[in-house]
Amino acid sequence: MTDARASPPIPWYRAKAPSLEEIEALAVAAFRRLPQRFRQLCENLVIQVDDFPSDEVVEEMQLKSEFDVLGLFQGVGLPFQSESAPMQMPNLIWLYRRPILEYWAEHEETLGNMVTHVLVHEIGHHFGLSDDDMYEIERLAE
């Protein structure tokens, strides 16, 4: 066993978990790296970061825990929008900080990659893709 007094502290010694604002900054940076055409199709799409999904989302999605979802698309996907439909609220993408951080802590992936993956996945729902569609696209891209 080594003498703890002789070893310098590990770099994480004073580190804190990323804040909501820091996760949002990662999401904004990830969004800006997406192709321009892709971003243009996301016009009026609002990205929000919160610690957890609301109780209503947990209940509606029948989640066992608020840690069971990393992100969520809420709204009407592009294929289902209609100009004749009444004025709608903007489409929202929610990124959930605490579930993302827990997933990150348990996997060999950078936090930036995790946030990018969740963001792109939820944007896929904005385009009308199902989870199965996106898993197949990811599988084919491996």
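The side chain to side chain donor-acceptor pair (under 3.5 Å) search around Arg33 returns Thr116, not counting sequence neighbours. Annotation: side chain to side chain donor-acceptor pair (under 3.5 Å) contacts of Glu21 (sequence neighbours excluded): Ser19. In this view, Arg97 and Asp51 satisfy the side chain to side chain donor-acceptor pair (under 3.5 Å) rule, not counting sequence neighbours. Qualifying side chain to side chain donor-acceptor pair (under 3.5 Å) partners for Trp94, counting only residues two or more places apart in sequence or in other chains: Gln74. Partners of Val58 according to the side chain to side chain contact (heavy atoms under 4.5 Å, CB included) rule, which considers only residues two or more places apart in sequence or in another chain, are Pro53, Leu63, Glu66.
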Let's go through Leu26 and Leu95 carefully: what are the C-alpha distance in whole Å and the side-chain angles of both, what is the deciding distance for side chain to side chain contact (heavy atoms under 4.5 Å, CB included) to 0.1 Å, and is it a yes or a no? CA-CA 11 Å; Leu26 287 172; Leu95 301 179; over 6 Å; no
Test side chain to side chain contact (heavy atoms under 4.5 Å, CB included) on Ile123 and Ile93; report intermediate values, then the result. CA-CA 7 Å; Ile123 289 173; Ile93 288 181; 3.4 Å; yes
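Placement of Ile100 and Phe31 within a single hydrophobic cluster is found when ILVMFWY residues are connected by side-chain heavy-atom separations under 4.5 Å, directly or transitively. In this structure, Val49 is a member of the same hydrophobic cluster as Leu45, with clusters built from ILVMFWY side-chain heavy atoms closer than 4.5 Å. Placement of Met61 and Phe67 in two distinct hydrophobic clusters is found when ILVMFWY residues are connected by side-chain heavy-atom separations under 4.5 Å, directly or transitively. Phe52 and Val69 sit in two unconnected hydrophobic clusters of ILVMFWY residues. Membership requires side-chain heavy atoms under 4.5 Å apart, directly or through other members. Placement of Val57 and Val46 within a single hydrophobic cluster is found when ILVMFWY residues are connected by side-chain heavy-atom separations under 4.5 Å, directly or transitively.
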Show every donor-acceptor pair shorter than 3.5 Å between a side-chain atom in residues 107-114 and any protein atom, with sequence neighbours excluded, or say none if there are none.
from   : atom 1 : to     : atom 2 : distance (Å)
His107 : ND1    : Tyr103 : O      : 2.7
Thr110 : OG1    : Asn113 : N      : 3.1
Thr110 : OG1    : Asn113 : ND2    : 3.2

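Atoms CD1 and SG, on Ile47 and Cys42 in that order, are 7.5 Å from each other to the nearest 0.5 Å. A distance of 12.5 Å separates CG of Asn91 from NE2 of His125, quoted to the nearest 0.5 Å. Note that CG of Leu34 and CD of Gln40 are 12.0 Å apart. Values are rounded to the nearest 0.5 Å. Asp68 contributes atom CG, which lies 9.0 Å from atom CD of Glu102 (distance to the nearest 0.5 angstrom).
In this structure the side chain of His117 never reaches within 4.5 angstrom of the side chain of Leu70, judged on heavy atoms. Counting heavy atoms from C-beta on, the side chains of Tyr96 and Val118 never come closer than 4.5 Å.
Counted within 6.0 Å of CD on Glu60, heavy atoms from surrounding residues, nucleotides or ligands total 12 or fewer; the atom is thus considered open. Atom CD of Glu106 is surrounded by more than 12 heavy atoms from other residues, nucleotides or ligands within 6.0 Å.
A side-chain donor from one of Gln36 and Arg39 sits under 3.5 Å from a side-chain acceptor of the other.
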